[in-house]
Number of protein chains: 2
Amino acid sequence: MESSFAIIAEPNRRAILSLLAVSEQSVGEIERRLRMPQTSVSKHLRVLRNAGFVESRVDAQRRLYRLRPEPLQEVDAWLAQFRRFWSTHVDALERHLDRIAEREPKKGKVR
Amino acid sequence: MESSFAIIAEPNRRAILSLLAVSEQSVGEIERRLRMPQTSVSKHLRVLRNAGFVESRVDAQRRLYRLRPEPLQEVDAWLAQFRRFWSTHVDALERHLDRIAEREPKKGKVR
DNA sequence: AGCGTATATGCTCATCAGGTCATATGAACG
DNA sequence: CGTTCATATGACCTGATGAGCATATACGCT
């Protein structure tokens, strides 16, 4: 389970991360909110901790988990190479639509 | 193989996507550039096409593959919920360091 | 038609990850 | 100190998936 991408491939882990994005949570809280067996929550948290996505803090018998930003930033960095492509793609689409609009001004459907 | 996240969990598929981010490529070109067996490239491309990451165009015996933006944008949208957290986290860290610096000016270790 | 090139598909195998159940650890509190 | 609450860990099973190999399809050229 090396890459950060593999970690967030799992839907339950994404749900946990989304929860933690709001605020620090205990295992029990996650368990209740996601209606997921405690043992499963603990295992996913372990994976997330090993991969650096979360860190835990002890509060009596509870462990409070909070997010750590680095791995998600890594994913974000990988996505960056495609952002350039998105805009040019959108531009191309717009130009395409413009061409159609110029060539076929028959239908007056344009508001 | 539902989610876009599962698709990009595979390293070879990420490599293919990165290649296509530069420009349209044929299967053979991908095969050579990534030094990956053709049959494997074709299979990954199939997965990518089914998930909407790429589309193909026919050029004689070749198939030219190009990127499609939507699924990656979906991933980007999911990441958005954490961006807020990144900045506040950096701020918190800075405030924390500031507090330490003010409270413990004993050790002259600070440059 | 026949051959070479380019790509796709089907099959088998091995691996791995997640769910579940049982159980262990560990702290709080009477 | 024994019980209860909160969390972690280990074992087993099962399903999914990627690699590799063989083969199929399809186009172009002579």
Side-chain angles (χ1 to χ4, degrees), chain A residues 1-20 23-68 71-72 75 78, chain B residues 1-20 22-68 71 75 78:
Chain A
M1 177 83 51
E2 334 105 75
S3 88
S4 300
F5 296 90
I7 306 290
I8 63 173
E10 222 291 319
N12 293 314
R13 283 197 289 263
R14 286 202 302 282
I16 293 177
L17 291 175
S18 293
L19 260 191
L20 296 183
S23 74
E24 201 178 43
Q25 309 268 336
S26 74
V27 177
E29 284 165 343
I30 299 173
E31 176 189 356
R32 272 172 260 124
R33 301 222 166 124
L34 300 185
R35 313 241 168 108
M36 172 182 314
Q38 175 265 318
T39 171
S40 189
V41 173
S42 283
K43 281 185 182 172
H44 284 306
L45 283 172
R46 182 141 118 108
V47 173
L48 289 169
R49 183 171 357 109
N50 288 339
F53 281 81
V54 303
E55 62 190 357
S56 67
R57 175 166 79 87
V58 178
D59 170 47
Q61 321 100 331
R62 325 196 151 181
R63 313 281 164 102
L64 299 180
Y65 282 82
R66 80 167 73 98
L67 264 189
R68 277 167 52 85
L72 287 167
V75 173
W78 184 79
Chain B
M1 176 83 53
E2 332 104 75
S3 89
S4 300
F5 297 89
I7 306 289
I8 62 173
E10 221 292 321
N12 294 313
R13 283 197 287 265
R14 286 202 303 282
I16 293 177
L17 290 174
S18 293
L19 259 192
L20 296 182
V22 177
S23 73
E24 200 179 44
Q25 308 268 338
S26 74
V27 178
E29 284 166 343
I30 299 173
E31 176 190 355
R32 271 172 261 127
R33 301 221 167 124
L34 301 184
R35 311 244 168 107
M36 172 182 313
Q38 175 266 317
T39 173
S40 188
V41 173
S42 283
K43 280 182 183 172
H44 284 306
L45 283 172
R46 182 142 118 109
V47 173
L48 289 170
R49 187 177 347 117
N50 288 338
F53 280 83
V54 303
E55 62 190 358
S56 66
R57 174 166 80 85
V58 178
D59 170 48
Q61 321 102 329
R62 324 195 152 181
R63 313 282 165 101
L64 298 181
Y65 283 82
R66 80 167 71 99
L67 265 189
R68 278 167 53 84
V75 174
W78 183 79

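The figures that follow rest on heavy atoms only: side chains count, while hydrogens, waters and symmetry mates do not. Residue numbers begin at 1 in each chain, while the letters A, B, ... track the order of the sequences.
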I want to confirm an ordering. Mapping Gln61(A) and Asn12(A) to their closest nucleotides on DNA chain C, which one lands closer to the 5' end?
Asn12(A)

For the base of dT9(D), is there a side-chain donor-acceptor partner from Thr39(A) under 3.5 Å away?
yes

Length of the line joining Glu2(A):CD and dT15(C):C1', which is rounded to integer Å:
13 Å

Separation of dG18(D) atom C1' from Ile8(B) atom CD1, nearest Å, is 18 Å

Looking at Glu29(B) and Ser26(B), would you say the former's side chain and the latter's main chain have a donor-acceptor pair under 3.5 Å?
yes

Kindly say if Ser42(A) contacts the phosphate of dT7(D), meaning a side-chain N or O under 4.0 Å from OP1 or OP2.
no

In terms of side-chain heavy atoms of Arg62(A), which of dT9(D), dT7(D), dA19(D) is nearest?
dT7(D)

Nearest whole angstrom, please: distance from the P of dC5(D) to the CD of Glu29(A).
17 Å

How many Å lie between CD on Glu31(A) and P on dT20(C), as a whole number?
12 Å

Looking at dT7(C), I'd like to know if its phosphate oxygens (OP1 or OP2) sit under 4.0 Å from a side-chain N or O belonging to Arg46(B).
no

Establish, with yes or no, whether the OP1 or OP2 oxygen of dA8(D) is under 4.0 angstrom from a side-chain nitrogen or oxygen of Tyr65(A).
yes

For the base of dT7(D), is there a side-chain donor-acceptor partner from Lys43(A) under 3.5 Å away?
no

Separation of atom CZ in Arg13(B) from atom P in dT17(D), rounded to whole Å
9 Å

Hey, are the side chains of Arg49(A) and Tyr65(A) touching, using non-hydrogen atoms and a 4.5 Å cut-off?
yes

Take the protein atom CG of Asp59(A) and the nucleotide atom P of dA6(D), then report the distance between them rounded to whole Å.
12 Å

Asn50(A) CG to dG18(C) P, straight-line distance once rounded to whole Å:
13 Å

Which of dA28(C), dG19(C), dG10(C) is nearest the side chain of His44(A)? It is dG19(C)

Kindly indicate whether the side chain of Pro11(B), heavy atoms from C-beta on, has any atom under 4.5 Å from the side chain of Phe5(A).
no

Measure distances between side-chain N and O atoms of Gln38(B) and base N and O atoms of dA8(C), and say whether any donor-acceptor pair falls under 3.5 Å.
yes

Is a side-chain donor or acceptor of Arg14(B) paired with a backbone partner of Ala9(B) at a separation under 3.5 angstrom?
yes

d(CD1, Ile30(B); P, dA6(C)) in whole Å:
14 Å

Do any side-chain nitrogens or oxygens of Arg63(B) fall under 4.0 Å of OP1 or OP2 in dA6(C)?
no

dA17(C) base to Glu10(A) side chain: any donor-acceptor pair below 3.5 Å?
no

Yes or no on side chain to side chain donor-acceptor pair (under 3.5 Å) for Gln25(B) and Arg33(B), after CA distance, side-chain angles and deciding distance?
CA-CA 10 Å; Gln25(B) 308 268 338; Arg33(B) 301 221 167 124; 2.8 Å; yes

